[in-house]
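What follows is a single structure, written as structure tokens, with notes after it.
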Amino acid sequence: MRNLKLGLMAGSMALAFSAQAAEVEVLHYWTSGGEAKAAAELKKMMEGKGNKWKDFAVAGGGGENAMTALKTRVVSGNPPAAAQIKGPSIQEWGDEGVLGSIDAVAKKEGWDKVLPPVVSNVMKYKGQYVAAPVNVHRVNWLWVNPELLKKANAKVPTTWDEFFVTAAALQKAGIQPLAYGGQPWQDSTVFESVALGVGGVDFYKKAFVQLDPATMSGPTMVKVLETYKKLKPFTDKNAAGREWNLATSMVINGKAAMQFMGDWAKGEFLAAGKVPGKDFLCVAAPGTANAFTFNIDSFAMFKLKDAAAMKGQNDLASTLMSPAFQEVFNLNKGSIPARTDLKMDKFDECGKKSAVDFKATAAKGGLVPSWAHGMAMKSATQGAVYDAVTQFWNNDKMSAKDAASKLAAAAKTK
Amino acid sequence: MSTPNAHYGFAERWLPRLVLAPSFLLTLVFLYGFIAWNGYLSFTNSRLLPNYEWAGLVQYATLFENERWWVAVRNLGIFAVLFIGGAMAIGITLAILLDQKVRGEGAIRTLYLYPMALSFVVTGTAWKWMLNPGLGLEKLMHDWGFTSFTFDWLVNSEMSIYTVVIAGLWQSSGFVMALFLAGLRGVDDSIIKAAQIDGATLPRIYWKIILPALRPVVFSTLMILSHIAIKSFDLVMALTGGGPGFSSDLPATFMYSMAFTRGQTGLGAASAMMMLATVAAIVVPYLYSELRKDSHG
């Protein structure tokens, strides 16, 4: 009898304990230096609120592996509380009927007031918040090692013509001009910046947001492709398959002078103890000073059955949007907060510039979604366009005209 | 007396079935059940996750229009022919040479067989370093003074599939050698001796007597190698990641990226069915001929 009582007590205590410490499992793919630091901040804050953090990190920069892991979990009926999903993919997951609403938290905290509509629209499925944004990345950056440019007596390029002058000068001085990572998503990241710089905002929107076939195969696109291919002689042979952060470290270590990459690259510079403005420069990719390709990281929330887990999920949503988290997270990640009501005092030069440009371009219409980072197209279409771009980059025999018609064909993929 | 006998009969009849039942059931569900499921999915419009609305042959039509699929198929052709042919040729040669009663045969055999102990992932990663122009062979040659030496197949989109062949051959030739060596040892010595007495040369003995006697070994080796070739996935993923671009894609990597990273589950399922059809086209005639032979005694 005594034993039974003891057993019951122990059992009920265990139950009470598990109800308090909800385990919040979060799938993300922040595994490189600066990113991992940012993820650790989130973990600390969630544990501060009495939740148990269960890390579900899947390596692979573009998040492809993470999505595979996620699908298996969702199909098996055991989704994590939240997963790093962004852009039109949120709608795709919403269509599958597996996302849970966090509208109550969002209403209580007034998310609609602090998020620009271009951001909040992406986070809603059928009018309800199903995801929380954590940051805004600018993708059209050019990272520069100023010391190497000085050595070659070259200046920071602001147009594509200037870029090729600078690159030629660097090459003449025996310096590799461009650090390049040859993975399909990186090919597309660079290509996207070239398209924005050469074609301009209207062309970009028509081609990659509206997927207009005539624009996709038109003369401007041919020019974009030609400019893109002209970059190849300024990269090294070993670029094929290289991870983006290895390319960034080439710029950090002075092995190459420049890299086209989103501002997550800044996290790598900072993690290596480099100072913006002095050890490295962040400038808009040539010809894109008045435009801003955005890539917003967000966490989509999955439908859960367990009440304790749902409470943890709401805690997570509220933590992700809290000013404290948005600040500390973005300081580490290299991006800027999705909330527009925060002071940018603590941010470095690149962050401040990015925040100013974000608001300015949003007002003037230069704010465009980054298709290379899943903000403009569905994953199938995006994948097909990736294929066309990467095939053109790697095949030296393909003409720009052929590539343009391949792009147009790829854009029709549904 | 009758009772124990009856018990024995019961156990004898039912025990094997009972013991086999779980594995039979598992095979039925997890192999044939899933094949059927996948087959059904290939006729649906499944996107991110499976759905079960019948859509007919749409996915197959999309598949056959997809350029990347045909690159993958062509690569499989190149890979299968060179990999199977190469591994057989190298394996048989090594086995015949080792069969000449050389000294230290055990050590040499282990040496050649050892790559088989490594998984394709390790093989792929190791060869990725060796074939990388900036790290491996090419750099070594440059460091030694042969500055005109180039070997950049790994980063060349037209040659990348051949690097997969190289790594595959390295891994599997030793295994083929071991199979053939075992077969060679099984050939009756007296026949060879008789042939020698008749004055046949050694190459002639191999060509006319021993190799024909190894027919079953040849067939089972072909079976194993061809199914390795068709399902080959990890080697490509580790070695080239399907790149540069998608130039070293095989049907298996194509299927993976469509089904799991592109939100085109239906298309992935269709490509998987095409792979299954390819395997079936090889295996079914073989099984048929083997089984028929058995029944004739």
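Everything numeric here is computed off the predicted structure, so don't read it as measured data. Computed from heavy atoms alone, side chains included, the values below leave out hydrogens, waters and symmetry copies. Chain letters run A, B, ... following the sequence lines, proteins first and then strands; every chain starts at 1.
Within the 4.5 angstrom heavy-atom criterion, only side-chain atoms of B:T150, from C-beta onward, approach chain A. Looking at A:A384, only its backbone comes within 4.5 Å of chain B, counting heavy atoms on both sides. Only the side chain of A:V74 has a heavy atom closer than 4.5 Å to any heavy atom of chain B.
Residues of residues 163-170 of chain B never come within less than 4.5 angstrom of chain A, heavy atom to heavy atom.
Looking at heavy atoms from C-beta onward, B:F260 lies out of side-chain contact with A:T72 at the 4.5 angstrom threshold. Here the side chains of B:T261 and A:T68 are in contact, with some heavy-atom distance below 4.5 Å. For the pair A:K71 and B:L49, the minimum side-chain heavy-atom distance is below 4.5 Å.
Enclosure of atom NZ in A:K124 by more than 12 non-hydrogen atoms of other residues, nucleotides or ligands within 6.0 angstrom is indicated. Within a 6.0 Å radius of NZ in A:K232, more than 12 heavy atoms belonging to other residues, nucleotides or ligands are found. For B:W54, the CH2 atom counts as densely surrounded, since its 6.0 Å shell holds more than 12 non-hydrogen atoms of other residues, nucleotides or ligands. Enclosure of atom CZ in B:F24 is not indicated, since only 12 or fewer non-hydrogen atoms of other residues, nucleotides or ligands lie within 6.0 angstrom. Within a 6.0 Å radius of OH in B:Y112, other residues, nucleotides and ligands contribute 12 heavy atoms or fewer.
Partners of A:W93 according to the ring-ring contact (aromatic ring centres under 6.0 Å, His included) rule, which considers only residues two or more places apart in sequence or in another chain, are A:F302.
With hydrogens and angles disregarded, no donor-acceptor distance shorter than 3.5 Å links the side chain of B:R262 to the backbone of A:S379. No donor-acceptor pair closer than 3.5 Å links the side chain of A:K237 to the backbone N or O of B:V155.
Pairs passing the ring-ring contact (aromatic ring centres under 6.0 Å, His included) check and including a residue from residues 69-92 of chain A, sequence neighbours excluded, do not occur.
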Acceptor/donor pairs from residues 63-78 of chain B side chains to any protein atom, 3.5 angstrom cut, sequence neighbours excluded:
from  : atom 1 : to     : atom 2 : distance (Å)
B:N66 : OD1    : B:R68  : N      : 2.8
B:E67 : OE1    : A:K406 : NZ     : 3.4
B:E67 : OE2    : A:Q391 : NE2    : 3.0
B:R68 : NE     : B:D249 : OD2    : 2.6
B:R68 : NH1    : A:D387 : OD1    : 2.8
B:R68 : NH1    : A:D387 : OD2    : 3.2
B:R68 : NH2    : B:D249 : OD2    : 3.1
B:R68 : NH2    : B:S257 : OG     : 3.3
B:W70 : NE1    : B:F64  : O      : 2.7
B:N75 : ND2    : B:S247 : O      : 2.7
B:N75 : ND2    : B:D249 : O      : 2.9

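Remark: A:M67 CE to B:L48 CG distance equals 9.0 Å, nearest 0.5 Å.
In terms of heavy atoms, B:G245 sits closest to A:T390 at CA-OG1, 3.1 Å.
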Passes salt bridge (charged side-chain N to carboxylate O under 4.0 Å, His left out), A:K397 versus B:E158? Steps please. CA-CA 10 Å; A:K397 285 180 194 145; B:E158 276 169 35; 2.9 Å; yes

Step-by-step side-chain contact (heavy atoms from CB on, under 4.5 Å) determination, B:F246 to A:N394: CA-CA 9 Å; B:F246 53 82; A:N394 286 299; over 6 Å; no

